[in-house]
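A quick write-up on the structure given underneath.
Chain A is the first sequence line, chain B the second, and so forth, proteins listed ahead of strands; every chain is numbered from 1. Hydrogens, waters and symmetry mates play no part in the numbers below; they use all other heavy atoms, side chains included.
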Amino acid sequence: MTNQEVAQLLRAVAAAHQLKPGGANTRFRVIAYQRAADAAEHATSELKDVWEQGKLDTIPSFGSSIAGYLDELFKTGSVRHFKTIFAGLPPALFELLQVPGIGVKTAFKLTKKLGIKDASRAIEKLERAAREGKIRTIPGFGEDSEADIIRSIEEIKGRTGRMLLPYANQIADDVVSWLRKHPVVVRADPLGSLRRQVATVGDVDIAVASKKPQEVIEHFTKYPKKTRVLEAGGQTSSLVLPGGAQVDLMVQPPQSYGSLLQHFTGSKHHNIALREFALKHGMSLSEYGIRKIKNQKLKIKNFSSEEEFYKELGLAWIPPELREDAGEIEAALEGKLPKLIDIDNIRGDLHLHSSFPIKTSHDEGMDSFQKMVERAGELGYEYLGFSEHNPSQSGNTKKQILELLKKKKEAIEKINYSRGKSENKRIKKVFNGLEIDIKPDGGLAIPEEGFEFLDYAIVSVHSSFRQNKKEQTKRVITGLSHPKAKILGHPTTRRLNRREGIEFDWEQIFDFCKKHDKWLEINSWFDRLDLPDTLVREAVNHGVKMVINTDSHQLEHMEIMRYGVSVARRGWATETDIVNTWDWTKFSKAFSM
DNA sequence: GCCGTTTTCGGCCCGACTGTTTTCAGTCG
């Protein structure tokens, strides 16, 4: 039973409760189950593990009832109480909820009137009914809602999961520059999960400051690349782009733009927590500003900047990356927000793949040492490290491998020797590293004699992802135990939208890294962003050091450092935690092996 | 069903947009 499956079950219970007659109690019970589902989905450890430790009720939103039901779930595989809740409801109902625009009430009505019962192919059956014109005949539906259902189903068919952050960035840049072409647009900014720099982005959200919202909306709906306009009201509008990406727009006058930024940046959970916090202090929040509850007639107070908005609540301004309802409001209240790192703090990159012909086991880089060193200088770095993949063990003899490693060492030494004469005098040192596969048994994929040619090794898992948690933990700790192994590369090996990360016993890994001063990598690669932000936060709490690397295979990739920095920020990391923010003096001391 | 710096009872975030209505329910973020 995965967290995702638990979340799905809780969401289904919430949906089922929505169909039950009853007053306010039912309404809030629904919300309670939805919150519990969110909590399950966002939990940083496996609920089953938490359950084994008897700590389910320590998770916020899990009270005694839900914790009790989950106890039964993990023990027996099902929950009797939930079965009675689901009694009489067609399984198809929960399938139809996947269609945007269809909620519980609508789904129930549709299953009943169309006679769709089974979960399998429920959406297919709904689509057929819609295309045959059967939906418009149901009371409460019309031709428009029937057409909407068809379009929505087409869209979920073409959907390929959430967008990667850099891709969403590109879309937003394009839409924002289109918006800025219109003279009534004072400001336009991408917000939502993009501004919070979440690894994957669902919808692209954009806010505009303007005194003429109608004209902005009209201009927005004429965006040339749209495939259709989803909605267009007085101050909000949504478009769909080719590929299914959705862009949401919200417009406000400049004097309340701060409130709008705040509202539209989210996250939803942060906003809910913030409004609850405000309510306790006699204030009510919305995207328009702050209202004192005792004085209904008092006009809403506007804010042109977010800083003022948070200040009015008695809080320090909270960086968008922290707005996930993960303790940031309490920290802001107590003045204990972390001093987050910034891209300007980065002083080196230790995971670069050059084109040096080392007959690698995986993909080679495209650019030379020299070019990459120069780029590092332009980026303001003081040090960098080349870590090509280890030479292939099947394609080379042991003797050949040692020869290749020796040659590479000599080439790097030459660069270091001639470096002083180049324009990049600020580069203090180029390190000679290697990214070495951790084999399934924990062994490292070069001969022991090869290590003497290296300054350091990044050790990474590139195969056998399916070992169980215990084996993987042992494997990685064994690999990291080599004295030259300093960094665990892309630790979970996840590829966003492609495969889940490996499961480890993180307590063990963190303890090992802390004790032996090993560093965990935050890999900036587009679909990795690994360590994931939630684990960065845990590593920070354990006092484990991390290094942000790009894993560049060509010059242009060296720019993606910013996404790794975003991951670190989302994990509450400060300069103390991230070793490549350290200046040369401090870093070189820490990096000597 | 959850939760606690006014509370272990009595609250629970706030508003926009749409379609099908004729004042609103449902959905979404």
>> Taking side-chain hydrogen bond (donor to acceptor under 3.5 Å, both in side chains) as the definition, give me every residue that meets it alongside A:Glu559, ordered by chain and number, with sequence neighbours left out.
In response: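 Scan of A:Glu559 (side-chain hydrogen bond (donor to acceptor under 3.5 Å, both in side chains), adjacent residues dropped) gives A:Arg375.
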
> Side chain of A:Tyr257, backbone of A:Ala207: donor and acceptor closer than 3.5 Å?
Replying inline: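 Answer holds: yes.
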
So what does [X] touch, heavy atoms closer than 4.0 Å: a base, only the sugar-phosphate, or nothing?
X        : answer
A:Leu274 : nothing
A:Ile31  : nothing
A:Gly266 : nothing
A:Ala232 : sugar-phosphate
A:Ser238 : nothing
A:Tyr69  : sugar-phosphate

Side chain of [X] - closest among [options]:
X        : options               : answer
A:Ile66  : B:dA16, B:dC14, B:dC2 : B:dC2
A:Ser286 : B:dC14, B:dC17, B:dG1 : B:dC14
A:Ser284 : B:dG1, B:dC17, B:dC14 : B:dC14

>> Quick test of the criterion, 5.5 Å between centres and less than 30° between planes. Is A:Phe28 stacked on B:dC2 or not?
In response: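 Here A:Phe28 fails the 5.5 Å or the 30° condition.
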
>> If you assign each of A:His281 and A:Arg35 to its closest nucleotide in DNA chain B, which residue comes earlier from the 5' end?
In response: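 On the 5' side of the pair lies A:His281.
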
> Less than 4.0 Å between a side-chain N and a carboxylate O, is that true for A:Glu155 and A:Arg228?
Replying inline: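 Yes, this pair counts.
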
> Below 4.5 Å, heavy atoms only, C-beta onward: do A:Asp530 and A:Ile522 meet side chain to side chain?
Replying inline: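 No, side chains not in contact.
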
Distance-only check: which donor-acceptor pairs under 3.5 Å involve side-chain atoms of residues 179-188 of chain A, not counting sequence neighbours?
| from | atom 1 | to | atom 2 | distance (Å) |
| --- | --- | --- | --- | --- |
| A:Arg180 | NH2 | A:Ala188 | O | 2.6 |
| A:His182 | ND1 | A:Val184 | N | 3.3 |
| A:Arg187 | NE | A:Asp189 | OD2 | 3.4 |
| A:Arg187 | NH2 | A:Asp189 | OD2 | 3.2 |

Report, one line per pair, each donor and acceptor closer than 3.5 Å where one atom sits in a side chain of residues 51-66 of chain A; sequence neighbours left out.
| from | atom 1 | to | atom 2 | distance (Å) |
| --- | --- | --- | --- | --- |
| A:Trp51 | NE1 | A:Asp71 | OD1 | 2.6 |
| A:Thr58 | OG1 | A:Lys55 | O | 2.5 |

>> Please report the distance separating the C1' of B:dG29 from the corresponding atom of B:dT22, rounded so that it comes out in whole Å.
In response: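 After rounding to an integer number of Å, I get 28 Å for this pair.
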
> With rounding to whole Å, what would you report as the distance between B:dT5 and B:dG1 at their C1' atoms?
Replying inline: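 It works out to 23 Å between them.
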
>> Does the plane of the ring in A:Phe82 sit parallel, tilted or perpendicular to the ring in A:Tyr33? Use 30° and 60° as the thresholds.
In response: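 Rings of A:Phe82 and A:Tyr33: perpendicular, over 60°.
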
Give the table of side-chain donor-acceptor pairs shorter than 3.5 Å for residues 88-106 of chain A, with sequence neighbours excluded, one pair per line with atom names and distance.
| from | atom 1 | to | atom 2 | distance (Å) |
| --- | --- | --- | --- | --- |
| A:Glu95 | OE1 | A:Gln98 | NE2 | 3.2 |

> Near DNA chain B, under 4.0 Å by heavy atom, which residues of residues 52-65 of chain A?
Replying inline: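 Listed by number, they are A:Pro60, A:Ser61, A:Phe62, A:Gly63, A:Ser64, A:Ser65.
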
> Which letter, B, S or -, goes with each nucleotide of nucleotides 19-29 of chain B from 5' to 3', with contact meaning a protein heavy atom under 4.0 Å?
Replying inline: SSS----SSSS

